[in-house]
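To start, the structure itself, in structure tokens.
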Protein chains: 4
Amino acid sequence: MPKVGMKEVRQQQVIEATMRCIVKKGLSQMSMKDIAVEAGVSTGIIYHYFKNKEDLLLQVLKESFRKSHERVMDTVEPLRQSREKLLKHLENINAVPKENPDFYIVLLNYLGQAPHNPEIHKIVTKFLSNLTSYANRYLSTDLTGGTFADVRLWHLPTILLALGMGLGIMWTLDRNSFSIEEMDVSLKDLISRYID
Amino acid sequence: MPKVGMKEVRQQQVIEATMRCIVKKGLSQMSMKDIAVEAGVSTGIIYHYFKNKEDLLLQVLKESFRKSHERVMDTVEPLRQSREKLLKHLENINAVPKENPDFYIVLLNYLGQAPHNPEIHKIVTKFLSNLTSYANRYLSTDLTGGTFADVRLWHLPTILLALGMGLGIMWTLDRNSFSIEEMDVSLKDLISRYID
Amino acid sequence: MPKVGMKEVRQQQVIEATMRCIVKKGLSQMSMKDIAVEAGVSTGIIYHYFKNKEDLLLQVLKESFRKSHERVMDTVEPLRQSREKLLKHLENINAVPKENPDFYIVLLNYLGQAPHNPEIHKIVTKFLSNLTSYANRYLSTDLTGGTFADVRLWHLPTILLALGMGLGIMWTLDRNSFSIEEMDVSLKDLISRYID
Amino acid sequence: MPKVGMKEVRQQQVIEATMRCIVKKGLSQMSMKDIAVEAGVSTGIIYHYFKNKEDLLLQVLKESFRKSHERVMDTVEPLRQSREKLLKHLENINAVPKENPDFYIVLLNYLGQAPHNPEIHKIVTKFLSNLTSYANRYLSTDLTGGTFADVRLWHLPTILLALGMGLGIMWTLDRNSFSIEEMDVSLKDLISRYID
DNA sequence: GATGAATGAGTTTTCATTCAT
DNA sequence: GATGAATGAAAACTCATTCAT
């Protein structure tokens, strides 16, 4: 077993175990012991790699958002046309809860903490504003030369994000609340009529 | 101080103190002691009126949803035309976080628990499906004779709820993420184009 | 409802409810609330008739022993010959757990407290020595003119009591540990051979 | 102070502290804090080694019975003749309360719980039936070829156990209730007459 | 680096007792 | 006399964190 360069490996091991614990038991029901057992390490070693529980939880949130952002980029970024991007973005919104249901469970747990924990709050709002900016950027750069007025585009990124988050939460809580495939069609219809 | 017939009063007193504590400290950071102090009673008396913390938290959630539902009804129900109702509904969606910001803080706290607590999960999904049904009812009964196809209406209630929840969460986390008044205009525009 | 002379009635009501609670839940698992509910009164009123829980428990023990002693006297006392008394006594020993199983449950609960509570200890040892004295009295007064030596009689009462208590406890804990009817025969055999 | 491999040591340390607490204060008067102080450890560590108070108390009972059984075996088992064993057994019965008075205090505390706690009940009845079986075995295997009828032997083990328990309880409660040495003589007389 | 034993403050919950009505 | 609301101290239990090995 290599003893050098283990830092990143161990940290990742613990972060991923923590995510699984959050999904299984919930952020506030999960103890450091739970995490240690899930990760297959001792409780002591966690404190070697993370300052304390608070610190670990922040790293987990960052990692979770990093992965999510990566997924968005991998899917949407390669596309050329912003119209294509928009439609892919809409598909993405719907796909996340189904393809990565754990993300929403983790997100919900942290959203509940955000109002009372400045650090978490900062990271969450940063993540949300990043997503908004991103949509804003490709809409404004590529579509401004188009036929529709700017003013309507102004709120579109926010609306898309809100819709995505709202639908994601609803579907995560109850998979029968709507069909993702059918909702996909409706959303494209809704947004197409808006921007055309 | 009267000592008899205080049941309803005390229960309400404790429930409201609990809501304030959730807003102040967060669901899982708040102790029974905190609640007792906030309510101005002893910890013992809380257990006289509620089976345990879990029970109290469920009553708080129910009461919170009851009040919220009541507010929706008071505002939207008196209106005659479903078109009016729909627009008022849209206004409402935007108004809630501003007029009753605590509701969203409380909601976020419980949403984080919902995936891990069957009772909370049941109440939350019931609340969401009630709201959806309600919008569904006035849309389907009054607008079916209209000019637009049913199929589009099918998802409208869910979309409205998701939008409302998503925007509410975003604005609660960051009041600068968008202007409620401007978003009001955009939403009406978005939905009008969809149903016309 | 008569308000005078209620004292004895209420006290008896509470004492008997307490006995039922001890049988149902156990001395140390039973709360004043349990007793109040079982007796159909408020917790407050118990403190009107008994100084505190300790006092109530002592009254219950006394009452339990009073009733038990009464039963012994009613059965054994009317008999003329001490030989008859002795045999009846033996029958009695065996009959108690079957005819009044609750007595042994209550007794076991108090025996566990006796080593740590001087008041209970005093009452229990008094009860045991009373039973011993009683057997001693009718054996020594009536049998001393008989054919067997005094020295053997000396311990007979204690042996009888120990046997009775031991068998009672065993049968109370496990009704299949022996057959009371068969044990009756064996005991008479054992004791007859001893004194003849 | 070593910090590793302390499991067995600590468990024994806590179990023995618990026994002392039961003797000092009584099973239901004794708190986990009391035990921790008596054992010279923190309350937390007890929960590291025992699931909860119930679990600890069961281990204490098992250990107590294990030790007691060991003592019986060490004394009686080496003997060849079952007549010898029987007489030694009788001596033993009388010796326990004097040589190991704590055993009876502990036993009395658990006997009071047995009717209301299935686990304790099971362990206690198992212990009693083990003792009965043991006496039964050496009586039936070695004495059946003797001159006295089987039928009388049938109940002898139970009678011996009941006598032992009854006398032990009486003497534990009141050391003046009889002289152990004199009772020894009487018992041997009683049983000898019975089996001859 | 790694372990898991150990701590002790903090949490939920119970309950004998009191007391205003 | 009678009620049951109210108290608060004490109980069982948890858990983040530390530290000897």
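We use all heavy atoms of the structure for the numbers below, so side chains are in, but hydrogens, waters and symmetry mates are not. Every chain is numbered from 1, with letters handed out A, B, ... down the list of sequences.
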How many whole angstroms separate atom NZ of D:K53 from atom P of F:dA10? 15 Å
Tell me: CD1 of B:I46 to P of E:dT11, nearest whole Å? 14 Å
Regarding B:S31, tell me which of base, sugar-phosphate or nothing describes its non-hydrogen contacts under 4.0 Å with the strands shown. sugar-phosphate
Distance test, side-chain N/O of B:H48 to OP1/OP2 of F:dA6, below 4.0 Å: no
Which comes earlier along DNA chain F counting from the 5' end, the contact point of D:N52 or that of B:G44, where each point is its nearest nucleotide? B:G44
Note: for A:E54 and D:M30 on DNA chain F, the residue whose nearest nucleotide lies more 5' is D:M30
Could you provide the dot-bracket string of DNA chain E, using ( ) for intrastrand pairs, [ ] for crossing pairs and | for bases paired to another strand, with Watson-Crick or G-U pairs below 3.5 Å? .||||||||||||||||||||
Non-neighbouring partners of B:E38 that pass salt bridge (Lys or Arg N to Asp or Glu O under 4.0 Å), sequence neighbours left out: B:R20, B:K24
Is B:H121 reaching over with its side chain to a backbone N or O of B:H116, donor-acceptor style, under 3.5 angstrom? no
According to side-chain contact (heavy atoms from CB on, under 4.5 Å), who are the partners of C:E54, at least two apart in sequence or on a separate chain? C:N52, C:L58, C:N117, C:E119
Could you check which of F:dT17, E:dT3, E:dG8 has an atom nearest any side-chain atom of A:T43? F:dT17
Looking at C:Y47, I'd like to know whether one of its side-chain N or O atoms comes within less than 4.0 Å of OP1 or OP2 on E:dT17. yes
What's the CG-P distance between C:L57 and E:dA16, to the nearest Å? 10 Å
Salt bridge between B:E70 and B:K67, side-chain N to carboxylate O under 4.0 Å? no
Check the distance between E:dT18's P and C:F50's CZ and give it to me in whole angstrom. 16 Å
Any side-chain heavy atom of C:M32 sitting closer than 4.5 Å to one from C:Y47? yes
C:T18 side-chain N/O to C:V14 backbone N/O, donor-acceptor pair under 3.5 Å: yes
Should B:E63 and B:Q12 count as side-chain neighbours, where that means a heavy-atom distance under 4.5 Å? yes
Write down the distance between NZ (C:K51) and C1' (E:dT18), rounded to a whole number of angstrom. 16 Å
Just N and O in the side chain of C:K33: are any of them under 4.0 Å from OP1 or OP2 of E:dC15? no
Specify the residue among B:Q29 and C:M32 whose closest nucleotide of DNA chain E lies further upstream toward the 5′ end. B:Q29
Contact class for D:Y49 (heavy atom, under 4.0 Å): base, sugar-phosphate, or nothing? sugar-phosphate
Please state how far atom CG in C:L56 lies from atom P in E:dC15, giving the value in whole angstrom units. 16 Å
Compare side-chain N and O positions of C:S42 against OP1 and OP2 of F:dT3 and report whether any pair is under 4.0 Å apart. yes
